[in-house]
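Below: the structure, in structure tokens.
Residue numbers start from 1 in every chain, and the chains themselves are labelled A, B, ... in the order their sequence lines are given, proteins ahead of strands.
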Protein chains: 2
Amino acid sequence: MTVTLADVAARAQVSPATVSRVLNGNYPVASSTRERVLRAVDELDYVLNGPASSLAAATSDLVGILVNDIADPFFGVMAAAIQSEIGGPGGRAGGERLGVVCNTGGSPERELTYLTLLQRQRAAAVVLTGGAIEDTAHAGAVAAKLRKLHEAGTRVVLCGRPPAPEAPEAIALTFDNRGGGRQLTEHLIGLGHRRLGYIAGPEERTTTRHRLEGHRAALDAHGIEDDPRRTVHGRYDRRSGYEATLELLRRDPSLTAVVAANDTVALGACAALRDSGLRIPGDVSVAGFDDLPFSVDAVPALTTVRLPLTEAGARAGRIAMGREEPPPGGIATVRGELMVRGSTGAPRA
Amino acid sequence: MTVTLADVAARAQVSPATVSRVLNGNYPVASSTRERVLRAVDELDYVLNGPASSLAAATSDLVGILVNDIADPFFGVMAAAIQSEIGGPGGRAGGERLGVVCNTGGSPERELTYLTLLQRQRAAAVVLTGGAIEDTAHAGAVAAKLRKLHEAGTRVVLCGRPPAPEAPEAIALTFDNRGGGRQLTEHLIGLGHRRLGYIAGPEERTTTRHRLEGHRAALDAHGIEDDPRRTVHGRYDRRSGYEATLELLRRDPSLTAVVAANDTVALGACAALRDSGLRIPGDVSVAGFDDLPFSVDAVPALTTVRLPLTEAGARAGRIAMGREEPPPGGIATVRGELMVRGSTGAPRA
DNA sequence: CTGTTAGCGCATTCAT
DNA sequence: ATGAATGCGCTAACAG
């Protein structure tokens, strides 16, 4: 019923091995026979059987990209960049690899499940994006999986994620969240702010912790007391930013600035401030993180820390494909850039 | 080196066949032996070999989700919803399926490439999201692929995409873009607008054409001449909206409303209007399409047509998994809902 | 440069 | 309810 490699071989009057070689291009074949084979492929409308191919070769063309939230452009932009470097030629069998993005939804179980599934598929590479979950048991389980994947020949790259000490084989492209957080808060302090609210992300995420640490480092460096009541944790979404801002205002109506975990949260914060009758930045300044595409269009435009998501993703993709050398020591830190825009200004008198 | 099913069988003192049956759960196995097998699996840290399994079973656990632009929340939201219905138990071998998102970037070649790759992998199902490309040759090629996939046992579902007449096996969940476009423009006409600019998406996309047709139908119904100079085509991104708006204003400074292809484009339009010193909606009203998460936070909040992306995606996912009956005739039309917000108002006198 | 041979690891008949 | 045997379609030595 379905056309197999043997059918193609028969039609082209060559051996199955030759067809395989033509398809994989990893072996010298006379151009005349190659042409004959390709014609037969075309005439029979043959499509390689991926599972059979992967079974025999003990590796597949699958490259997994794990993201925490595919509906969040932060991950979308990175995933697109990674995939663009994977999609091209360079794989086996026809020169195409299947870059697949897997949405964990931030769930530890799903993260592990996807890793197992990718391991099961003998994936050529796996790229994990975004902050890691800081639960010790989970981190250990992930590290163990990564080690197994590596041992099975799967390349492992972390993009926008801190290195995993227990899985040192994983190449890490880390964002300098701490430094970015610090820059941002120092900018606000420089403007004269002293009572800053902070809307943090979920507690158990590395991204959350690092950005918050940067914020606190800046406060500390300028002798500003870090009142724990000025920090609220939430999710990385708009609604969380909205609610957290109302809570912060309730706790301290004299706040002059709100620093958000990311741009999406900052947008929610802006909405809450407006709904509370406060002007931005006249009454309260707002700052975000990431510099997502919509941030420049916010009104006023959002002051934030730009992360080179596309560049980092592309690089991670190339490393995953073995087309770029990993950084020395397997770890590279990618810095953010402070983007000062209209949403921050001097505090009200 | 790597643990195989035979190793598990040996350890559990059963035959490989029994282990296979336990893993797939499609066959009666005594609970005592099942337990023994599962223990062995655990002890040996066994992971099923996906390719081998797929080869033998002639089908895989892969479910492909094709999107035009993964960095666009329109697709991200749908993809997340689809994946959430796929990820759960119900697949073969361990009850997990691998929902994978493939980013075509709007390129016809990549769309076909991904379909071939998915065909090669013997995917269990394929979901194509968003507007189709209207090139006849390409549409034919895609339809042919879909037919082949279907014949090979792959379920094919279209989500937010018009039915493919040449591939009637594909279940289609279509958005009523025409109706939504019409509602939106009628809303503006009802407010008193007569000189409306329209920023359309790329020419060759069904979504673009349908929304535009709805717009024109509304104009026509109200006896408003459709001046071709009031329509500009562009991409589905912010920058395109910005530039198109400047162009529209250049062509006709007396415009009182701008209808955008989608919310992202509308945001760019808002930016262009503001940069031109015009007030929204005081001088010019703006409307979008989709009602993406950020649209309610725009200033002013965006009037738009809400598309039930999550619901439609979830339904498409269930149909793809065979957990929900396809709609009668294999086609269902999903309507949008007009969301009137602050960005539209009566035209200036 | 090309053909021959032998598995890859598992699901699935048939038996029992 | 379980075991034995066969083949899925392809790639990778090894010859030649």
Any side-chain N or O of A:N49 less than 4.0 Å from the OP1 or OP2 oxygen of D:dC8?
no
If I take atom CG in residue A:L23 and atom C1' in nucleotide D:dA12, what distance separates them, rounded to the nearest angstrom?
15 Å
Over how many whole Å does the gap from A:R122 atom CZ to D:dT11 atom C1' extend?
16 Å
Report the distance from atom CG of A:L55 to atom C1' of D:dT11, rounded to the nearest whole Å.
9 Å
Is the distance from OP1 or OP2 of C:dA11 to the nearest side-chain N or O of B:S53 less than 4.0 Å?
yes
Contacts of type salt bridge (Lys or Arg N to Asp or Glu O under 4.0 Å), residue B:K148, not counting sequence neighbours:
A:D45
Considering only residues two or more places apart or on different chains, which pairs with a residue in residues 17-26 of chain A satisfy salt bridge (Lys or Arg N to Asp or Glu O under 4.0 Å)?
none
Could you tell me whether the phosphate oxygens of C:dA11, OP1 or OP2, come under 4.0 Å of any side-chain nitrogen or oxygen in B:S20?
yes
What is the distance, rounded to the nearest whole Å, between atom CZ of A:R120 and atom P of C:dA11?
10 Å
Holding to salt bridge (Lys or Arg N to Asp or Glu O under 4.0 Å), I want the full list of residues that pass it with B:R147, two or more places apart in sequence or in another chain.
none
Quick one: salt bridge (Lys or Arg N to Asp or Glu O under 4.0 Å) partners of A:R315, sequence neighbours excluded?
A:E324
Check: B:S15/B:T18 side-chain N/O donor and acceptor closer than 3.5 Å
yes
Any salt bridge (Lys or Arg N to Asp or Glu O under 4.0 Å) pairs touching residues 161-174 of chain A, not counting sequence neighbours?
A:E111-A:R161
To the nearest 10°, let me know how far the axis at one end of the helix from C:dC1-D:dG16 to C:dT16-D:dA1 is tilted from the axis at the other, five pairs an end.
20°
What string of B, S and - do you get for nucleotides 2-7 of chain D, 5' to 3', when a contact is any protein heavy atom under 4.0 Å?
BBB--B
Applying salt bridge (Lys or Arg N to Asp or Glu O under 4.0 Å), which residue pairs with at least one partner in residues 123-136 of chain A are found, sequence neighbours left out?
A:E134-A:R209
Does any pair with a residue in residues 22-42 of chain A pass salt bridge (Lys or Arg N to Asp or Glu O under 4.0 Å), and if so which ones, sequence neighbours excluded?
none
Spacing between B:D7 atom CG and C:dC10 atom P, to the nearest angstrom
9 Å
Classify the nucleic acid contact of B:L5 as base, sugar-phosphate or nothing, counting any heavy atom under 4.0 Å across all strands shown.
sugar-phosphate
Test applied, salt bridge (Lys or Arg N to Asp or Glu O under 4.0 Å); reference residue, B:R318; option that passes from B:E85, B:E325, B:E311:
B:E85
